[in-house]
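Reviewing the structure listed below.
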Number of protein chains: 2
Amino acid sequence: MPSITRRRPRNPDGRAAVEARVLAATERLLREGIRFTDLGVQRIAAEAGVARSTFYTHFRDKTELLMRLAGTMRETSFGRTGEWSPAGPGDPLTTLTDVFADVIRIYRTYAPVLAAVSEVAAYDEVVREYWAAGLERFVARTVQALRVEQEAGRTPAGVDAETAGRLIVIGGDRFLADHVSATPADPETDAAAARELAATWWYGVYRRPA
Amino acid sequence: MPSITRRRPRNPDGRAAVEARVLAATERLLREGIRFTDLGVQRIAAEAGVARSTFYTHFRDKTELLMRLAGTMRETSFGRTGEWSPAGPGDPLTTLTDVFADVIRIYRTYAPVLAAVSEVAAYDEVVREYWAAGLERFVARTVQALRVEQEAGRTPAGVDAETAGRLIVIGGDRFLADHVSATPADPETDAAAARELAATWWYGVYRRPA
DNA sequence: CTCGTTGCCGGACACAGTGTCCGACATAGT
DNA sequence: ACTATGTCGGACACTGTGTCCGGCAACGAG
């Protein structure tokens, strides 16, 4: 009867280590300002110190690489940003400002990856749907919060919650991407941006006059 | 002494007619939903009924073609959108709503070209600068209008005009692109979007409480 | 009519990047 | 020793881009 013991490689994390190297190399190159579309697989492989054909044993293609990068970013960062509620503790305009300050921090940290996702989303259906699904979750939360405020009579019934929610999330996303790419990482500039975002949505939407 | 009379082709507009055919063909294909990045020169040439090599006698490359398309769109459409002033005649919120209704109409008419420009701007420096320059003009006007309002005491001094201007233009642009791609061309939907845009910026920025 | 110019056509070529496949090799475990 | 695993380097097919070229049609001047 043949043995059923299976061989184990010495380093069971060998494959994961190579993938981590490729992901890190990609991020480094994006940080240098190279557009994802202009970034060839050979360049990524060289930066990671692996053969180009090895890249393809780990990732089906560049799009899959990007989705992996984006997934990692999402896991580590975007959890807290849906927590604000107009009825929560403290002054809601202040807490909304705090949330946007956090969001700006995240956008700054992940600016290159976010830019790459946004770039590829424009012409790749898979990435587009991935990105859109993420934004749609924020839209849904925002719309829900607006509806609660409307039922409580604090937000006027005349506010179109769906449209306003899309403006806040989709418009705000693009503004943030522009902000972090166009300004240096300066605490005062970012604080001012957080205040503007919070005040504009607060007075313009949540507490718009009837 | 040799004659200095030059030959004229029978149809002096022959070249222009070919270029117009190529531009129109490109628009048709974009309207079909094909991404500009996925649209090869051979496809465009075939749709226009010219040889691929002829394409290159008229356009240096696809980017130049897109810039030509965008230039034509701009000449014919965006002139009136900078004309609103908070101090102009009539109720400013109503006139701002009217302006946004017009803007939405333009975005709908040129949605495929706008999408293509936005798509390529993400990875091509020339297109990016072209697009950014256009938006920056709107930002500058908006900031100027806000400053006038602040000096007249109608907009609070606490509003960061530069940041708010960028939010209105850059955030608004992205919202509009999303709106026209995600919703059918319906007068009520577009009117609601125009109202939301106008009211959000009006109450959230121009007439934000001090 | 001939001749020369213009513009387009179709095709060939070089190039770069993508994705696939393969033989060789190093390493580790049985 | 043998086998399995993972990587390497290289070759190949394919696609699209950009360039170049000879041939042809249409037109105008002499």
[N] [atom2] sits how many Å from [X] [atom1], rounded?
X	N	atom1	atom2	answer
B/Glu19	C/dG7	CD	C1'	12 Å
B/Arg52	C/dA14	CZ	P	15 Å
A/Ile44	C/dG19	CD1	P	11 Å
B/Arg43	D/dT17	CZ	C1'	17 Å
B/Phe55	C/dC9	CZ	P	13 Å
B/Gln42	D/dG18	CD	C1'	13 Å
A/Asp61	C/dG19	CG	P	5 Å
A/Arg15	D/dT5	CZ	C1'	10 Å

Is the phosphate of [N], meaning OP1 or OP2, less than 4.0 Å from a side-chain N or O of [X]?
X	N	answer
B/Tyr56	D/dT19	no
A/Thr54	D/dC8	yes
B/His58	C/dC8	yes

**Study point:** A/Glu32, CD: over 12 other non-hydrogen atoms inside 6.0 angstrom
**Key:** yes

Practice item. Compute the ring centroids of B/Phe138 and B/Trp84, then answer whether they are less than 6.0 Å apart. Key: no

Review point. Are A/Arg166 and B/Asp178 close enough for a salt bridge, meaning some N to O gap below 4.0 Å?
Key: yes

Review point. Salt bridge check: are A/Arg28 and A/Glu47 linked by an N-O gap of less than 4.0 Å?
Key: yes

Review point. Looking at C/dT18, D/dT17, D/dC20, which one has an atom nearest to any side-chain atom of B/Ser53?
Key: D/dC20

Review point. Can you tell which of C/dT18, C/dC8, D/dC8 lies closest to the side chain of A/Ala51?
Key: D/dC8

